[in-house]
Structures are given as structure tokens and as C-alpha cells.
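Letters go in sequence order (proteins before strands), and every chain restarts at 1.
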Amino acid sequence: MTIYIPTPLRTYAGGKDAIEIGAATISEALNSLTSEYPDLRKHLFTTDGKVRSFVNLYLNDEDVRYLPEKENSQVSGTDTLSIIPSIAGGWR
Amino acid sequence: MSTLHLTSEIFQAIRTHGEDTYPHECCGALLGRPGEHGWVVTDAIRAGNTRTDSAHNRYNIAPIELVRIQRSAREKGLEIAGFYHSHPDHPAQWSQTDFAEAHWLGCSYVITSVEKGRAAITNSFLLAGTTEEDKHFEHETIHVGDAPSAQFESQQQANQSIKDQR
């Protein structure tokens, strides 16, 4: 599958905007990604291994949080996983 | 101090968006390329504000919209350079909410104050730092004007040599 890296994290992924990973599940893909690029880990996960609250993961166009099996969902070579930090704010 | 480069058309588009959505906050993404001293923006993409419960003082861009914006940027050979939003009847300064919700390190956050429906001041803040723990906003200069293509090329060459040295 292809994992798309957002602008702020490319520094920790060898400057790449997309990385090909062979994996059976989303969780496996993320493990492979952070094994290859360990500096990404602290930006994606909390110290207890959970995906940071402001990090959104999209399998193709689906929010991983709402998939029945979440990060244990099966993936294929043609799937894409987008890592998207949230964007919000306001004057108050 | 870094500089955010905007064409006059994009600068105006950002400000007009804030007037169009007044008294609600507008929001959108900026696409571009890294320049020598800051982002060179080539596209501004309007986004919807999903905070319909409190749109006069909050904004949020749906993640799926960000996925599509990131996809569009990639297809154009561009990067997400930053984001913009408006502060209706409030100063063009980042708020604690803006700071707490800012996670795109190295990107520019542009804020336009809209006073009684008219765009007033537009400021840009670079989200500097390397982690959530040391992140901070740095005020940056906004340069409004057309960036010559030769400048793009020299900036890209310079950036490539920096990457090659790493």
C-alpha cells in the first residue's frame, strides 16, 4: 500500500511524500513505517502507543476510526493511507 | 524572520473569503513550494467550516477535505504550505485555541481580521518547532507580488542541494 506523508512529517520520512509499504493490515503498515523511520513514531503515537488524537488516518476515503475493524482492517497493495493532522482554531 | 509569498490574487482571495463568510470564520488551505526564506504560495483552496455550532469564533476543516486537498496538491506537484482563516471583529492575532489546535509544524497560518464585514489586517504566523512540546508561532512577513518562475527554479535547486547534503 501507499502511505501519504503530510508536509510537517516529511522531514522525519526521508523527505518523501509517499512511501510504499507491504502490509496485511493498517496496523502492520504503521509498524513497518515507524520501524523504517523511527523519528515518525513520536509524531504519530502517544507514549502508550495510541494514535495521537489530532492525527487522522484515512484508508482511501474512509476514516480509520469508523471502520469496523479500525487499525486491524485488511489492506491491499492498491490501497492508500493518508496521514492528516487536524486543522482547527478560532478567535475564542 | 521568514516570509510568506502570496500573489496579489491569492492575497485578495483570502481576504474576500473572510468577507464572504462574515460574521462566520472562513478557512482554507494554501498550496505551494518551499522558498529560500519561507513558503511560496501558488494556490489557495477554500474549505468549508464544519463548526456550524459556533462558526462566529471557531473553525474546523473536515479531515476528508484535507485528504482531498493533499491529493490535489500532490497531483499538481505542490505541498500544503499552510492554512488561512478569519477572525470576525477580532484582531488578526493567533488565539490560544489557534495555538492548541495547530499541528502542521513548519506551515504558515494566515489570519485576517474582518471588521464589520470588511477585511482589515492580514497576518501570517509560522508554526515553528519540531514537536508538539516545543511548537510556537513566529510572526512572519507577508510578501504580496508575483514570484517569477526563475525564482522558483533557483529555490528548488537550492532546496535540492540542501537535501543532497543531508
Side-chain angles (χ1 to χ4, degrees), chain A residues 1-20 26 34 37-48 50-67 70-71 75 78-92, chain B residues 25 27-29 34 39 47 49-51 54-71 73-74 79-83 85-107 109 111 113 127 130-133 135 159 163 166:
Chain A
M1 75 181 313
T2 306
I3 300 182
Y4 291 118
I5 311 294
T7 312
L9 298 184
R10 289 176 193 165
T11 305
Y12 310 105
K16 298 176 184 173
D17 65 347
I19 295 171
E20 294 291 332
I26 294 168
T34 52
Y37 300 100
D39 290 343
L40 277 175
R41 190 177 299 277
K42 67 181 175 188
H43 295 280
L44 298 179
F45 300 107
T46 59
T47 50
D48 58 356
K50 292 181 179 166
V51 176
R52 283 183 177 255
S53 59
F54 59 83
V55 174
N56 300 286
L57 298 173
Y58 272 71
L59 180 64
N60 304 314
D61 281 350
E62 299 292 329
D63 189 334
V64 171
R65 278 181 286 240
Y66 300 114
L67 293 176
K70 301 184 172 28
E71 287 156 42
V75 296
T78 56
D79 283 329
T80 62
L81 184 71
S82 297
I83 299 171
I84 293 283
S86 63
I87 177 73
W91 64 257
R92 171 166 284 178
Chain B
E25 296 200 7
C27 50
W39 288 102
N49 181 0
T50 67
R51 285 299 303 267
S54 191
H56 65 290
N57 60 15
R58 291 291 177 92
Y59 80 95
N60 179 78
I61 301 178
I64 186 60
E65 194 163 7
L66 291 173
V67 169
R68 289 171 183 148
I69 289 169
Q70 182 167 264
R71 190 177 295 153
R74 199 168 50 248
E79 297 180 38
I80 292 180
F83 302 93
H85 72 282
S86 61
H87 282 180
D89 296 317
H90 277 77
Q93 296 294 324
W94 57 269
S95 67
Q96 284 304 317
T97 302
D98 288 330
F99 179 71
E101 301 280 4
H103 306 295
W104 287 69
L105 296 165
C107 289
Y109 285 73
I111 302 173
S113 59
L127 186 63
T130 57
T131 65
E132 279 295 305
E133 289 67 41
K135 71 179 182 181
N159 291 334
K163 283 181 184 172
R166 284 177 181 162

Check whether any side-chain heavy atom of B:Arg68 lies under 4.5 Å from a side-chain heavy atom of A:Asp61, and answer yes or no. yes
Taking the side chain as every heavy atom from C-beta outward, state whether A:Arg10 and B:Glu79 have any pair of such atoms under 4.5 Å apart. yes
Please flag which part of A:Leu57 lies under 4.5 Å from any non-hydrogen atom of chain B: side chain, backbone, both or neither. neither
Within-4.5 Å side-chain heavy-atom neighbours: A:Arg92 and B:Ser95: no
Pick whichever of A:Pro6, A:Gly14, A:Gly90 has the most heavy-atom pairs under 4.5 Å with chain B. A:Gly90
Does any heavy atom of chain A fall under 4.5 Å from the side chain of B:Pro88, the backbone, both, or neither of them? both
Checking B:His87 against chain A: side chain, backbone, both or neither under 4.5 Å from a heavy atom? both
Who wins among B:Glu25, B:Gln70, B:Arg74 for the most heavy-atom pairs under 4.5 Å with chain A? B:Arg74
Examine whether an atom of A:Ile83 lies under 4.5 Å from a heavy atom of chain B, and if so say whether it belongs to the side chain, the backbone or both; otherwise answer neither. backbone
With chain A as the partner, which of B:Ile64, B:Leu105, B:Ile80 has the greatest number of non-hydrogen pairs under 4.5 Å? B:Ile64
Non-hydrogen atoms of chain A under 4.5 Å away: do they reach the side chain of B:Glu65, the backbone, both or neither? neither
Region of B:Glu132 in contact with chain A, defined by heavy-atom distances below 4.5 Å: side chain
Is B:Arg71 close enough and on-axis enough to A:Tyr4, meaning under 6.0 Å and within 45°, for cation-pi? no
Taking the side chain as every heavy atom from C-beta outward, state whether B:Gln93 and A:Trp91 have any atom pair closer than 4.5 Å. no
What are the residues of residues 37-48 of chain A, in order of number, with any heavy atom under 4.5 angstrom from a heavy atom of chain B? A:Lys42, A:His43
Flag side-chain contact, heavy atom, 4.5 Å: A:Ile87 against B:Tyr109: yes
Does any heavy atom of chain A fall under 4.5 Å from the side chain of B:Phe83, the backbone, both, or neither of them? side chain
Heavy-atom distances under 4.5 Å only: say whether B:Cys27 touches chain A with side chain, backbone, both or neither. neither
